[in-house]
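Atoms within a ligand are numbered from 1 in the order they appear, just like the ligands themselves.
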Amino acid sequence: MAGHGAELSLPRRSWFRPRGLFGKYVIAFVGLIVLVLGTNAALEAWFTYNYTIGVLVKTQSDKAEAAARRIQQFVDEIERQISFATRASASTIEQHIADYQLLLREVPAIEQLRQLNGKGMEQLMVNRSEVVKNSGADYSRSPSFTEARGRSVWASPADFEGSAPVMSIVMPHSGLNAGYTVAQINLESLSTLLDSSQIGNDYEAYLIGPLGRLLAHSNRERRLGTSLGELPQVRAAMKQEGEPPTFGLDPDGRSVLIASAVVPHLTWHVFVEQPRSTALQPVYRVLNRTALLAALGVLLAIIAGTWLARQMVIPIRALQVGAQQLEASEFGHRIEVRPGDEISDLADHFNRMAEQLQESYTRLEQKVEERTRALAKSVSEFKALEEIGRAVASSLDTKAVLATIVTRAVQLTRADAGAIYRYDASRKLFELAGAHALEQGFQDAIRSARIRFDENIFGQPIALPDLRESPNFPLRDAILAAGFHSILVVPLITQDEILGALVVQRRSVGDFPSGTIDLMQTFAHQSVLALNNARMFLEVEQKGRELAIANEHKTQFFANMSHELRTPLNGILGFSELLTDGLYGKLPDKAMEVLDRIQKDGKHLLGLINDVLDISKIEAGQLSLSLSDYSVQSIVDTVVASTEALAHTKGIEVRTAVPGDLPIGYGDERRLTQVLLNIVGNAIKFTDTGSVEIRVDATNGYFKIAVEDTGPGIPLSDQQRVFDDFQQVDSGITRQKGGTGLGLSISRRLVQAHGGNIELHSWLGVGSTFNIVVPVRASEQRQVA
Ligand code: ADP
């Protein structure tokens, strides 16, 4: 029963089903790890970015500040040198020339020095190639003169001579109206303050003067004087609004990380920048590293998730497979799960359940088998009984029925042979009535033997498991000699008499099971029924025959008696008529009255006798119609003529409606007249006031003669009965009118003998209508009961 192959028949499923438990575990696990790693990476990238940018901006700002300071120092130093040349001690022009030439030697950035008097006139001009005294050039309106007045020093905004940046520094001489020294400074050397040795290789630095023009650049190839006022960082710095931007653009349009500082007195701006891509290198490195770690994490998560999910799902799958096996009634399957956890406990429970189921199932199967066997046995017994029952009910051949019973009894009790005996009560002997599987010789032996039983012991079945131990059993030796050793005798008894015995015998020795004895008793009942049936049938048959003979005698008697009565009655009527006619002389009136009564009563009696004779003839099947052509009109006329007198006496109108074109009928005219006379006679007899109408028509090959009266009517309950012999409506009217109750019975049978019928429609207090329906041409006489 345990299906080892069953596992193969289960559908193989892949471990990974997105909707399955396994898929859900893996997806949840990996999803969680990815979420954590992703968040971590994003945060780290964010912080690294901010930190890196902060550090870079700080570094660049420091560099810018340092550069701004250097530039300021550079200018301050020049101013200091110039101030030396404006000392008060120099009073002669030669002294001034000497001071200026010294200054030019010591400060390469100074290109030219001019001395102006208090009115702005040039008194001296010294440069590295010439000295011009008292040129008298007028500078009184130039900014060098106007702006510097009243200040200790004034620096002009930077300007360009070609691409060379220049500026002027104007300083007054000490002493009242002592004049000014105007130094023209070449600013090209500022670029050396910004070169890579100062600010580092990765950076570029530049200095922006008024109007956003480039004064110096760490990259010497940049053309000085170019206006960079449009760069966003330059514009923001010059406007000095809000926070300086972290990112700006270089002249080539590339994004750069930028920091700036102001050179304080000169309102110049130093910018230090590096390309954005270079600046963000560390951030990119962190991002790469984080991505690598995240990928590694996800990979590990997938491996770990898969492993965990498998650990979880494999036992569940094993349980599932087990459940499916149970579903398929494969109780032999056991679930194996690594011990130690809840699922293995569940599997143990499951296995125990399967074991119990298996046991119950086995027990159930056994029971079903037993029951099926018992049922099959019952069915065969039932069939045998049913067969016997049918035989008993349908066959009056007692011999055949008893033979069937004994054959089935032997088969169902698994005996080897059997016999059925009838008991002859008068001789107190059992006679063989049927046998099964008994040799002819043995049967003959039974027939010739005179088997007697003590009637007293005969009430219960007699079971003899070993015949050898029952020396008194009739025919014991013959039975043993025939090879039978055990015997079961069941009596066939009714409540008050013994009918016989049913016997089965076996070759083996042994007890008869109680079921077998019960079964045999059932067979015995059936046999009793069969025997009773046969007996009753014989009795009924006998009675039937006797009854038929008696009936015949009765009919014969009636016919004979009617004949015998009719003959003298006709004589009486004939003689009384002769007397009335005065053939034997005139009689006194009193005697004439008596004669009249004699005639009336005699005629009534004759009618009665005729009726009885008719009934007898009909019942004896001796009534025969004499068929010939007839006319309905003439029948109606005859009947009306015969009943006219009575109708007249009662004051009842008799109307007729007979069409002139009726076909000629074919039938017994005398009998049909008798029928119509009876019905019209009844109508007049029972009607006290009103009328009687006779209507005739012919349709579909039938005459319908309707007789309608306005008499008392016949109750519905009597409408069938009035057609039976000697039946009348039980009422005062009927009793008053007299009659025998034979008329309608005879009439209906006469009409039926023609192949027709009489119908009755009647309502109490309204009247009755009798419809005589006869075929126009009666083909032959019908047999009527
Ligand atoms: P009878 O007339 O000799 O008694 P019938 O067989 O002719 O016998 O009639 C049977 C009964 O049917 C009558 O006794 C009567 O009670 C009832 N019967 C017959 N014809 C009529 C009728 N036209 N009106 C009322 N009752 C009728």
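Annotation: S745 places no N or O atom under 3.5 Å from an N or O atom of ligand 1; distance criterion only. Of the polar atoms of G713, none of the N or O atoms is found under 3.5 Å from an N or O of ligand 1, judged by distance alone. On a distance-only criterion, L744 and ligand 1 share at least one N/O pair closer than 3.5 Å. Residue contacts with ligand 1: F686 is placed with no nitrogen or oxygen under 3.5 Å of a nitrogen or oxygen of the ligand (distance criterion only).
Here is the list of ligand 1 atoms found below 4.0 Å of a heavy atom in F770: 20 (N), 23 (N). Every atom of ligand 1 with a heavy atom of A683 under 4.0 Å away is listed here by number and element: 23 (N). The distance from ligand 1 to the heavy atoms of K685 drops below 4.0 Å at these ligand atoms: 2 (O).
No heavy atom of F723 sits closer than 4.0 Å to any atom of ligand 1. At least one heavy atom of G741 sits closer than 4.0 Å to an atom of ligand 1.
Remark: I652 pairs with K650, T687, V692 by the side chain to side chain contact (heavy atoms under 4.5 Å, CB included) rule, at least two apart or across chains. Partners of A482 under the side chain to side chain contact (heavy atoms under 4.5 Å, CB included) rule, at least two apart in sequence or in another chain, are F442, F484.
With respect to the salt-bridge test (charged N to carboxylate O, under 4.0 angstrom), the residues D424 and R450 do not qualify.
Using the six-membered ring where Trp is involved, Y423 and F430 have ring planes that are tilted, between 30° and 60° apart.
Cation-pi geometry between R506 and F512 is met: the NZ or CZ atom falls under 6.0 Å from the ring centre, inside 45° of the normal.
When non-hydrogen atoms are compared, ligand 1 lies under 4.0 Å from the side chain of D709 (C-beta onward) but not from its backbone.
Between atom CD of residue E593 and atom CD1 of residue I598 there is a gap of 12.0 Å, rounded to the nearest 0.5 Å.
M520 pairs with exactly one of L502, L412, V503 by the side-chain contact (heavy atoms from CB on, under 4.5 Å) rule, that one being L502.
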